[in-house]
Amino acid sequence: PQYAAAIAAFAALAAGVGDLRVAALAAALIAVYALMAHAEEPWLRARYGPAYDAYCERVPRFFSFGLLID
């Protein structure tokens, strides 16, 4: 949830400011947060094993757009 909130905040900031430089910085920060989430997964899987796999099956990595549609 922390990474998802940061990604949403950076995107909203870029949209609200409307400056290409801010948009470029926000895009870079969003990419960093996405890469951090992917980089942590092997460590989490090794540390927590099947419990982490079960968690991943229940919880989306960043956002669950299906909840908006239902």
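It should be emphasised that the depicted structure is a prediction, and the values quoted were computed from it without experimental measurement.
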Checklist outcome for this item: residues 15-52 vs ring-ring contact (aromatic ring centres under 6.0 Å, His included), sequence neighbours excluded, gives Y3-Y33, F10-Y33
Next on the checklist: Working to the nearest 0.5 angstrom, can you tell me the gap between L25 CG and I30 CD1?
Outcome noted: 10.0 Å
Checklist entry - Any idea which heavy atoms bring A26 and A14 closest together, and the distance? => result CB-CB, 3.7 Å
Checklist entry - With a cutoff of under 4.5 Å between side-chain heavy atoms, which Ile, Leu, Val, Met, Phe, Trp and Tyr residues group with L13? => result V17, V22
